[in-house]
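All remarks here apply to the structure that follows.
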Protein chains: 2
Amino acid sequence: MPTTGPAGEVPARCKRADAQRNQQTLLSAAAAVFVDSGVGAPIREIAARAGVGLGTIYRHFPTRADLVVAVYRHQVEACAEAGPSLLASADSPLAALRQWTDLFVDFLVTKHGLANALQSDSSGFDTLHTYFLDRLVPVCGQLLDAAVNAGDIQPGTQAYELMRGIGNLCIGRDSDPRYDPRRLVRLLLQGLQQQPQSS
Amino acid sequence: MPTTGPAGEVPARCKRADAQRNQQTLLSAAAAVFVDSGVGAPIREIAARAGVGLGTIYRHFPTRADLVVAVYRHQVEACAEAGPSLLASADSPLAALRQWTDLFVDFLVTKHGLANALQSDSSGFDTLHTYFLDRLVPVCGQLLDAAVNAGDIQPGTQAYELMRGIGNLCIGRDSDPRYDPRRLVRLLLQGLQQQPQSS
DNA sequence: GACGAAGCGGAACACTGTTCCGTATGTTAA
DNA sequence: TTAACATACGGAACAGTGTTCCGCTTCGTC
């Protein structure tokens, strides 16, 4: 019964039953731990929660980043797919861009430390950085282009830069009332609308 | 000969001569290592460069953050003092704000990983976060208020939030041509000028 | 049931930051 | 000058990471 879901979603047949079971267990455990202790939680904590050894976790997910990607794959996909549909449904390309960034920001701020991990230059989080950007930059680019063509915003801003900027703005201790990433992202988008002023 | 420099700047007399010497050696070594390997370099590397033991480094600087603060104290002070003088010399409060953020951004991007460390939620970098913000937020607030009063920008943005936003935008691998923090900070400030648009 | 391969567990390694204490050194008083 | 003491030093040792490795177990198959 070879289901035909999106590539990479299916738990990979041709594997032993216990391996498939463990992979699922690990994903659930990781998701739970990420909620409790943030994305930066020790691998050992996830292994313990799942009731498996360290070797097991590393065989299924060669690095932390692979695990994080696997856990959030669905949500990233949803965000990517929301781009074109928002462009079709929203009042204007600019409105679509705004709504889409809201989606993206919501996603980032609800995962403790995910935005941090996305930019972290040390440890092997490169996979994470790469996956997010590869998947979402084209979507963002499409929205950006549409808004430029509609005359809603000034040209000259690259999707990659904008995405990383937004991601960076979402970094920080959760729930500090004095720092609301959403406000700053809104400001950034407003800056995009503005015609350059020399004053 | 009790010199009367700014508080905390003088290497603290009433200490043994070798202690004072070591403190200076450590500051130099740390500065050099930070340039080579970034602010996140292992303590042991700094100790080795300075030719001292680990105990010594920890007696002088109880935590990494204290060492970083000590190394960059002068530059932070300079940045803080530039605020009022720019306000006096620039063409407008907005221009002063722009020039001041340029100064701040330059400072951050030239120190590998400093912006990262500033926001890092783990390890004891709280001291760092606190020092930078305590020292610079009032200055930024003054510039912001002046710009609001002059009608240059819309009110409603807090200095703390803006500072952290700018700091966050400066996070990232150095010298990625696709990501220029300066462009995004400029956009953010442009957003500050913009009157809110409902479109 | 027996066999081989796939998978598992966790000890062990490498690398962090940090603490602690025996030893060495500067300073001061005799 | 030298004796005595407080101060400061060095680095071994501890605790907590991520990651690797290999002997043993379990699954799937014949």
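Numbers restart at 1 for each chain; the letters A, B, ... are given by sequence-line order, proteins then strands.
- Tyr160(B) and Ile171(B) fall into different hydrophobic clusters, where Ile, Leu, Val, Met, Phe, Trp and Tyr are joined by side-chain heavy atoms under 4.5 Å apart, directly or via other members.
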May I have the step-by-step check of side chain to side chain contact (heavy atoms under 4.5 Å, CB included) for Arg98(B) and Arg186(B), ending in yes or no?
CA-CA 8 Å; Arg98(B) 281 221 197 90; Arg186(B) 204 179 313 132; 5.5 Å; no
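- Using a 4.5 Å cut-off on side-chain heavy atoms (C-beta onward), Phe61(A) and Val68(A) make no contact.
- Looking at residues 36-45 of chain B, you'll see Arg44(B) sit with a heavy atom under 4.0 Å from some atom of DNA chain D.
- In this structure Asp18(B) satisfies the side chain to side chain donor-acceptor pair (under 3.5 Å) test together with Arg16(B), sequence neighbours excluded.
- Under 4.0 angstrom from either OP1 or OP2 of dC8(C) there lies at least one side-chain N or O belonging to Asn22(A).
- Closest contact between the side chain of Arg16(A) and the listed nucleotides dG26(C), dC9(D), dC27(D) involves dC27(D).
- Rounded to a whole Å, the CG atom of Asp18(A) is 17 Å from the P atom of dA5(C).
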Determine, step by step, whether Val69(A) and Val76(A) satisfy the side chain to side chain contact (heavy atoms under 4.5 Å, CB included) criterion, reporting the C-alpha distance in whole Å, the side-chain angles of both residues, the deciding distance to 0.1 Å, and the verdict.
CA-CA 9 Å; Val69(A) 166; Val76(A) 174; over 6 Å; no
Test Leu189(A) against Leu94(A) for side chain to side chain contact (heavy atoms under 4.5 Å, CB included), laying out the working first.
CA-CA 9 Å; Leu189(A) 291 182; Leu94(A) 176 58; 5.8 Å; no
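- Between Phe104(A) and Phe107(A), the two ring planes are tilted [angle within 30° to 60°].
- One can place NZ of Lys15(A) at 16 Å from P of dC27(D), the figure rounded to the nearest angstrom.
- The distance between atom CZ of Arg64(A) and atom P of dC15(C), rounded to the nearest whole Å, is 19 Å.
- Distance Arg21(B) CZ to dA8(D) C1': 11 Å, rounded to the nearest Å.
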Criterion side chain to side chain contact (heavy atoms under 4.5 Å, CB included) on Arg182(B) and Val109(B), from CA distance to verdict:
CA-CA 9 Å; Arg182(B) 283 170 250 260; Val109(B) 300; 3.3 Å; yes
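- DNA chain D lies under 4.0 Å from at least one heavy atom of each of the following residues of residues 46-62 of chain A: Leu54(A), Gly55(A), Tyr58(A).
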